[in-house]
Protein chains: 2
Amino acid sequence: MNNKNHPTRERILDAAEELFASGGFSAVSVRQIMKKAEADVSLAYYHFKSKRDLFEAVMLRRVEHLNAIRLRALEAVEKRHKDDAPTVEEIIEAFTRPLLELLAEKHDEWHYYFALIAQINNSPDLGGKLMTRYFDPLVSRFIDALRKALPECREEDLYWSYHFFSGALTLTFAETGRIDNLSGSRCRSSDMASINERMPAFIAGGFRALCARGQR
Amino acid sequence: MNNKNHPTRERILDAAEELFASGGFSAVSVRQIMKKAEADVSLAYYHFKSKRDLFEAVMLRRVEHLNAIRLRALEAVEKRHKDDAPTVEEIIEAFTRPLLELLAEKHDEWHYYFALIAQINNSPDLGGKLMTRYFDPLVSRFIDALRKALPECREEDLYWSYHFFSGALTLTFAETGRIDNLSGSRCRSSDMASINERMPAFIAGGFRALCARGQR
DNA sequence: GCAGGATTTCAACGAACGTTGAATTTTAGT
DNA sequence: ACTAAAATTCAACGTTCGTTGAAATCCTGC
């Protein structure tokens, strides 16, 4: 049998996800992954064809679910506003809240995945290519919504605003502990409630300020 | 003789910087670095003790200069405002403008360095530790200035705002080409004039919106 | 309970890895 | 010119890397 939940296949993906997240693709060997997965090395090549394919499989395992629930969140917001456009805050929240909920429900499952995405997003090798491949349709959909919320905004300002947002988002969800050190533990990377309270306000403020500037 | 400009030592650092920037520490071998530097492999271990120390040297080579000119930019802004506090925009610009100027003057020297920092900032392994070690004093200095510009702002909001800023900043200066793809080449990662126009406005808008929210 | 495919084990391959020590060449002070 | 130190070359070490093929075991449908 093949496509039912094979526990070993999942165990390999779990182990790979965690290890790839902490050091990137090259910092981790297949042997380390399979040791953590408690399975023979060659099983990695049986279930996946190569190390690269394993990496790809780690990415693909969660990306569809992620995109689906974010899209649903956006559609829910749009449905609440039949005629008028949603606010920028509401749209940003539809983009971020699903991430927070995934972490709240199943932190162990998603934490490493978000850390991995942060690294990919900031990698000159992969950032342009992989992020585009996996997230572009969804992101374009969100930018459409933002365009409606900010009808006077210039196109370039919209894209740059999203770009700044993207950097803030991926770093924040990577939970690197940086803000813990900087703030002397006054703030904590893992404090999702704080993020949920602050990120939409900050980002929406940024969008508005930049778009307002563009109309001058 | 030792501490004069040894061209080979610099060539090794240049090669290492470029290669580390594109794939991180582990994706690059010492042999690859030394091939690019056109020098024997063992010279890497003569000039630096190990691969890790070479990596550290790459980081250290530019960090002091970087921190110095940013500090100078901040002090210049503060000197312009004897009694009143500088605006948030001015402070953010003092933080970002030096980066833009370095890229404008010597793009080849600094481009890879910024890409490397983006990866480190987003690495769970190194992000908390290395960024804190290298940049904390300067960052705290900037946060002090921001506190004066936003005297009613809560401490937590200040730190979280800076955190969002940090993510946007490092991703933007990494020039990953992501925004190029997303915008259909309407915007370009390498377009420093666009960044200079937009980043301070966006970030300052974020700071203000978040601080205003905190006072409610 | 048997057949056949799915899964797992075991052993091994050649290549590349980080690192080192000794020999050699280049450089600088006298 | 001589010397000592600095810089570079060369060859090699043990380890780990990604990957593979064949044999053994497990599971499922009949």
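So you know, we letter chains A, B, ... as the sequences are listed, proteins then strands, and number each from 1.
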- Short side-chain to backbone donor-acceptor contact, A:Asn122 and B:Thr176, under 3.5 Å: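 Not confirmed, A:Asn122 side chain does not pair with B:Thr176 backbone.
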- Task: Can you sort out the partners of A:Arg147 under side-chain contact (heavy atoms from CB on, under 4.5 Å), two or more places apart, ordered by chain and number?
- Result: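 Applying side-chain contact (heavy atoms from CB on, under 4.5 Å) to A:Arg147 gives A:Ile143, A:Asp144, A:Glu155, A:Leu158.
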Mind calculating the distance between [atom1] ([X]) and [atom2] ([N]) to the nearest angstrom?
{"X": "B:Phe48", "N": "C:dG18", "atom1": "CZ", "atom2": "C1'", "value": "16 Å"}
{"X": "B:Asp53", "N": "C:dG18", "atom1": "CG", "atom2": "C1'", "value": "13 Å"}
{"X": "B:Lys51", "N": "D:dT16", "atom1": "NZ", "atom2": "P", "value": "15 Å"}

- Query: Which residues satisfy the salt bridge (charged side-chain N to carboxylate O under 4.0 Å, His left out) test with B:Asp14, sequence neighbours excluded?
  - Reply: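 Salt bridge (charged side-chain N to carboxylate O under 4.0 Å, His left out) list for B:Asp14, sorted by chain: B:Arg61.
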- Item | Pairwise ring-ring contact (aromatic ring centres under 6.0 Å, His included) hits with a residue in residues 22-41 of chain A, at least two apart |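 Qualifying pairs, neighbours excluded: A:Phe20-A:Phe25, A:Phe25-A:Phe55.
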- Message: Heavy atoms within less than 4.0 Å of DNA chain C: which residues of residues 23-46 of chain A have one? Give them sorted by number.
- Response: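 DNA chain C contact set from residues 23-46 of chain A: A:Arg31, A:Asp40, A:Ser42, A:Leu43, A:Tyr46.
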- A:Asp180: partners by side chain to side chain donor-acceptor pair (under 3.5 Å), with sequence neighbours left out: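 Result, side chain to side chain donor-acceptor pair (under 3.5 Å) vs A:Asp180: A:Ser189.
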- Query: Does OP1 or OP2 of D:dG18 have a side-chain N or O of A:Ser50 closer than 4.0 Å?
  - Reply: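 For A:Ser50, the contact criterion (side-chain N or O under 4.0 Å from OP1 or OP2 of D:dG18) is not met.
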- Query: Does a nitrogen or oxygen in the side chain of B:His47 sit under 4.0 Å from OP1 or OP2 of D:dA6?
  - Reply: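 No.
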- Message: Tell me which pairs pass salt bridge (Lys or Arg N to Asp or Glu O under 4.0 Å) where either residue lies in residues 189-204 of chain B, with sequence neighbours left out.
- Response: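 Salt bridge (Lys or Arg N to Asp or Glu O under 4.0 Å) check on residues 189-204 of chain B returns A:Asp157-B:Arg198, A:Arg213-B:Glu197.
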